[in-house]
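Note that ligands are numbered from 1 as they come in the structure, with each ligand's atoms numbered from 1 the same way.
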Amino acid sequence: MQTAKPLLRLERLSKSYGGVVALHDVSLDIPANEFFALLGPSGCGKSTLMRLVAGFETPDSGRIQLDGVDITHLPPHLRPVNMMFQSYALFPHMSVAQNIAFGLEQEGRRRADIAMRVADMLRLVQMGDMGQRRPDQLSGGQKQRVALARALVKNPRLLLLDEPLAALDRKLRHETQFELMQLQRETGTSFIVVTHDQDEAMVMATRMAVMRAGAIDQVGAPRQVYEEPATRHVAGFVGETNFFEGRVLQFMPGGVSIQTRQGLELEAACREPPPLGTRVTISVRPEHVRLGSVGIFATNGGAGEIVDHVFREGFSTWRIRLESGDMVLARQPQTEAGTHWDRGARVFVSFAPESARALLR
Ligand code: ADP
């Protein structure tokens, strides 16, 4: 695969605080003009990675390059990088326009240039008529726009956003996701967003890194990460999934069959099949689980009973208890033609081997 020269290159970064390892040997390339998400549970090292890129901290070892230049030990204000904080950190005694102008004034730019640039930024974030307001006269969503305008006014190569939507209510969060994506495209600045919300990352990111315990488990486009998770952690963190644990019983073309402790024999795709007898986990997404009164695929499933049914946003989700004791989630768009299964119904659950992944770790 051809790899263009990255905008940002992280090389073997490690960082500890006292005895706590926050990052361990993390390497990552981010090309220009990307909306990149760092996704992972609380405490996995996302903020530490951001702070190293922004220059608020230095790594114990490893290097950071921006446009091919080593910036590992460059102070924050000399990096063409800006950060938007979760709290927005607006100056309360200054107007919106003054807040946005602040960085340019620090650089001693000409007043006329500053005024023009501030007006451009206000237009960009759709706040054209609010330049004279103070932050306490703005809604949460408007404050966020000002914070974005302030972070972008100096045209950084890279904008870091720490949980940018956390302070907004659910509806506004959804609208703002699309605005952020548009802003990224219009400015051409690369965005790196830190989030613990997998939905947010799936919607906004062109690519994402899924982190765990100070390391990156997988990097890829959201769809690729969802459909071909590299680890059990990724499969479980990005979207809902069903897990079956067992040992490798046989090799199949492009995959393996496993036997679970409960006695199910299941087949799944596997990139690099491990030796027979190895313990693996199969992950299969709920939308790939088929329900029927007879097996749609002759093997790869089992009989069970519907325990719960939930209807949400056009999809039905069923929870099924298999005779083996395993609980399984199945999801289907609820069209009129679709079959409906009530609680207590006996069903046969199955999935196509190629829709499931056998994971080694
Ligand atoms: P995240 O942003 O994913 O929640 P952090 O990068 O904030 O994770 O933290 C990673 C790990 O490093 C955690 O165990 C956290 O407690 C620890 N940590 C982060 N900052 C400090 C600090 N200044 N002092 C001590 N420990 C820290």
Side-chain angles (χ1 to χ4, degrees), residues 8-30 34-66 71-77 79 81-89 144 147-148 151 156 158-168 173 176-177 180 184 190-220 222 225-226 229-239 361:
L8 181 71
R9 167 162 284 177
L10 310 181
E11 266 177 35
R12 310 204 59 181
L13 290 180
S14 292
K15 178 78 182 173
S16 297
Y17 299 98
V20 180
V21 178
L23 287 177
H24 177 68
D25 203 13
V26 167
S27 296
L28 179 66
D29 277 358
I30 299 184
E34 192 156 62
F35 199 128
F36 194 88
L38 285 174
L39 178 68
S42 182
C44 71
K46 306 181 295 292
S47 307
T48 301
L49 199 54
M50 285 284 235
R51 289 199 298 270
L52 291 176
V53 175
F56 302 136
E57 314 240 14
T58 44
D60 300 336
S61 58
R63 283 205 308 170
I64 303 172
Q65 286 183 41
L66 194 79
I71 60 162
T72 316
H73 299 285
L74 208 61
H77 66 280
R79 301 183 182 201
V81 174
N82 214 333
M83 180 144 171
M84 192 184 96
F85 294 95
Q86 209 179 106
S87 62
Y88 308 146
Q144 197 228 28
L148 273 169
L158 188 61
L159 178 63
L160 310 173
L161 303 110
D162 183 11
E163 301 273 359
L165 308 177
L168 308 178
R173 237 178 6 240
T176 309
Q177 286 176 351
L180 275 182
Q184 191 278 317
S190 278
F191 282 17
I192 303 183
V193 171
V194 157
T195 178
H196 66 274
D197 182 331
Q198 51 104 2
D199 271 337
E200 214 166 279
M202 292 293 287
V203 170
M204 295 194 293
T206 46
R207 280 196 316 146
M208 60 205 246
V210 186
M211 294 184 66
R212 176 179 53 136
I216 293 176
D217 259 18
Q218 188 172 9
V219 179
V225 169
Y226 180 83
T231 67
R232 196 189 147 103
H233 168 70
V234 173
F237 197 76
V238 178
R361 60 187 179 103

Quiz item: Short question: side chain of K15, backbone of T58 - any donor-acceptor pair under 3.5 Å?
Solution: yes
Exercise. Apply side-chain contact (heavy atoms from CB on, under 4.5 Å) to R173 and list each qualifying residue two or more places apart in sequence or on a separate chain.
Key: L165, L168, R170, E200
Self-check item: Flag, side chain of D217 to backbone of R212, donor-acceptor distance under 3.5 Å
Solution: no
Self-check item: Sub-4.0 Å heavy-atom environment of ligand 1, residues by chain
Solution: Y17, V20, A22, P41, S42, G43, C44, G45, K46, S47, T48, R51
Quiz item: F36 and V219: side-chain contact (heavy atoms from CB on, under 4.5 Å), yes or no, with the steps?
Solution: CA-CA 10 Å; F36 194 88; V219 179; 4.2 Å; yes
Exercise. Just jot down the side-chain contact (heavy atoms from CB on, under 4.5 Å) partners of Q184, sequence neighbours excluded, or say none.
Key: N33, F35, F191
Practice problem: Name all residues meeting the side-chain contact (heavy atoms from CB on, under 4.5 Å) criterion together with A166; count only those two or more places apart in sequence or in a different chain, and write none if there are none. | Solution: Q86, E163
